[in-house]
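The analysis underlying the following values was restricted to heavy atoms, covering all of them including side chains, and did not include hydrogens, waters or symmetry mates. Everything numeric in this text was worked out from a predicted model, so none of it was measured.
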Amino acid sequence: MSFVSIILVLYIHSGFHDFEIGGMVLNESIQYIISDIIGRCAVPLFYCISGYLFFVKVPQGIHSIFLKIKKRIRTLVIPYFIACSFYVVLVYLIANIPYTDKFTNSPLLSIFENQHTTTIFTQTYWDPPLAFQLWFLRDLILVVLFSPLWYLLIKRIKWGFTLFTFIISCSFPEVFGTYALLWFSIGGNLAMHPISTNRNFKQRIGIVCLIAYIIIGCYELYNHTSIQMEWIKSPVIAIGLMGSWTLYDRIVKSDFTLKGGTLLEKVCHFTFFIYLFHEPTINIVRKLIVVIIGKDSVGYLTSYLLSPWMFIICGVIIGNYFMKYFPKAYRICVGDR
């Protein structure tokens, strides 16, 4: 499911702006369905999985939480700083090579020109990071930093804490970490307080959620507008997550495992690597396709549909190369995954 989510993230970042595809009804509709309706569940799912894995095994209570924080320095913080630095270095190189500057949208040079060192640091790693896809990781690091508090609250007030985080995230959606905390707490509650109801009942609820999410999506597509109000958006995403998880359970057998040297296992192994380094590189891929095919409906649509898959192929090849010939450097870059 993480691999499916990263595909959706790639589609979100492969989309074209209104000034590029404005008036191209087919392009706008397909891009809206994949990136906006289906894709909006990707990041919340990542947070839920992170919260679940963080709280699912804490045999020593709060002591286990502190041990996990220490581990996350290696698995989250170090990869975050490396990926942020990679983005700046690559964009700078592209911007200074003749005829290649058009393949990046980053205003890197104008941002860094005559700026104080402190400002450059904050804009590279924090406010928000120039590697914009890493806002997810930045907020996750913030949430993990205060995880002992979340652990105690989840342990004592259970799903009441998730309700509290829902109110906070909807009231202050622009504050760093509030959105992440909502979905992280859901994963934590599922780990510490599993919902013990009949499996068939869960399946029926999930199917209802899936149908409801499809109907909501069709309504949004028909009206050419997406849900913006945070108080409605989060519950809709929750419905989508329950529906997608039910769909996963229907498709994938309970004894399924990624082990065994299959192609799927190899590809899924590089999910985090692809996430860390897909910007600005996927931007280059999608623009090259348009240059080759043409700046028309066919060119933009082909680029949008193919770019994520072409980048995944490139990412797996490059990741496999580094893992094979520079294993220590690769492990550091991806947090020893």
Side-chain angles (χ1 to χ4, degrees), residues 1-22 24 27-47 79-80 82-91 94-95 100-108 111 123-125 128-140 179-180 183 226 237 240 267-268 270-293 295 299-319 333-334:
M1 292 193 76
S2 293
F3 178 64
V4 172
S5 294
I6 201 62
I7 293 173
L8 292 174
V9 169
L10 292 179
Y11 268 112
I12 292 171
H13 295 156
S14 295
F16 290 93
H17 301 289
D18 290 338
F19 69 84
E20 295 170 304
I21 62 171
M24 301 177 186
N27 296 59
E28 291 177 333
S29 298
I30 293 177
Q31 188 169 301
Y32 183 77
I33 292 171
I34 299 175
S35 296
D36 293 323
I37 296 178
I38 303 175
R40 65 184 166 197
C41 292
V43 170
L45 179 59
F46 277 131
Y47 282 132
Y80 174 76
I82 291 174
C84 285
S85 303
F86 166 82
Y87 180 93
V88 172
V89 171
L90 184 59
V91 169
I94 293 172
T100 63
D101 56 329
K102 61 183 178 181
F103 291 108
T104 176
N105 298 327
S106 176
L108 177 68
I111 290 175
Q123 292 188 326
T124 300
Y125 300 107
L130 286 169
F132 53 87
Q133 82 279 12
L134 297 176
W135 71 268
F136 158 80
L137 201 55
R138 177 203 61 190
D139 286 12
L140 180 60
Y179 185 78
W183 304 105
S226 59
I237 291 174
V267 172
C268 288
F270 295 102
T271 297
F272 192 57
F273 177 81
I274 291 171
Y275 161 70
L276 288 175
F277 303 108
H278 76 267
E279 289 288 353
T281 39
I282 195 171
N283 197 42
I284 299 172
V285 174
R286 72 186 187 95
K287 288 192 174 184
L288 274 174
I289 295 175
V290 172
V291 168
I292 296 171
I293 299 180
K295 294 184 177 182
Y300 285 122
L301 184 59
T302 302
S303 175
Y304 175 71
L305 294 176
L306 291 184
S307 293
W309 300 100
M310 292 183 66
F311 182 80
I312 287 172
I313 294 172
C314 293
V316 171
I317 292 173
I318 294 171
C333 287
V334 297

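- No donor-acceptor pair closer than 3.5 Å links the side chain of Tyr87 to the backbone N or O of Phe132.
- Residue Ile38 holds its CD1 atom at 11.5 Å from OH of Tyr32, rounded to the nearest 0.5 Å.
- Here the closest non-hydrogen pair linking Tyr11 and Leu305 is OH-O, 2.9 Å.
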In sequence, state the C-alpha distance, the side-chain angles, and the governing distance for Leu10 and Ile274, and then conclude on side chain to side chain contact (heavy atoms under 4.5 Å, CB included).
CA-CA 9 Å; Leu10 292 179; Ile274 291 171; 4.0 Å; yes
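- Remark: side-chain polar atoms of Thr281 are paired, donor with acceptor, to backbone N or O of His278 under 3.5 angstrom.
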Would Phe272 and Ser2 count as a side chain to side chain contact (heavy atoms under 4.5 Å, CB included) if you check the C-alpha gap in whole Å, the side-chain angles of each, and the deciding distance to 0.1 Å?
CA-CA 9 Å; Phe272 192 57; Ser2 293; over 6 Å; no
Could you please spell out the steps behind the side chain to side chain contact (heavy atoms under 4.5 Å, CB included) verdict for Ile30 and Tyr304?
CA-CA 9 Å; Ile30 293 177; Tyr304 175 71; 4.3 Å; yes
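- Here the CD1 atom belonging to Ile34 is positioned 11.0 Å from the CD1 atom belonging to Ile12, to the nearest 0.5 angstrom.
- Counting heavy atoms from C-beta on, the side chains of Ile318 and Phe273 come closer than 4.5 Å.
- Contact detail for Glu279 and Phe86: the closest heavy-atom pair is O-CE2, 4.2 Å.
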Would Trp309 and Ile7 satisfy side chain to side chain contact (heavy atoms under 4.5 Å, CB included), going step by step from the backbone distance to the final call?
CA-CA 8 Å; Trp309 300 100; Ile7 293 173; 3.5 Å; yes
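- Nearest heavy atom pair, residue Cys84 against residue Pro129, reads SG-CB, 4.0 Å.
- Residues Phe46 and Ile6 approach most closely at CZ-N, 3.7 Å, considering heavy atoms.
- For the pair Val334/Pro79, no side-chain contact is recorded, criterion being any heavy-atom separation below 4.5 Å from C-beta on.
- Judged by distance alone, the side chain of Tyr80 and the main-chain N or O of Tyr125 form a donor-acceptor pair under 3.5 Å.
- Between Leu276 and Leu134 there is a side-chain heavy-atom pair separated by less than 4.5 Å.
- The closest side-chain heavy-atom distance from Asp139 to Tyr47 is below 4.5 Å.
- The closest donor-acceptor contact from the side chain of Ser303 to the backbone of Gly299 lies at 3.5 Å or more, if one exists at all.
- Closest non-hydrogen pair, Ile237 versus Arg40, comes out as CD1-O, 3.9 Å.
- With rounding to the nearest 0.5 angstrom, the OG atom of Ser85 is 10.5 Å from the CG atom of Leu130.
- Between the Gln31 side chain and the Phe16 main chain, a donor and an acceptor come within less than 3.5 Å of each other.
- With rounding to the nearest 0.5 angstrom, the CD1 atom of Ile284 is 9.5 Å from the CZ atom of Phe311.
- Other residues, nucleotides and ligands contribute at most 12 non-hydrogen atoms within 6.0 Å of the CE atom of Met310.
- The structure places OH of Tyr300 at 12.5 Å from CD of Glu28, a figure rounded to the nearest 0.5 Å.
- Considering all non-hydrogen atoms of both residues, Ser14 and Ser307 come closest at OG-CB, 3.8 Å.
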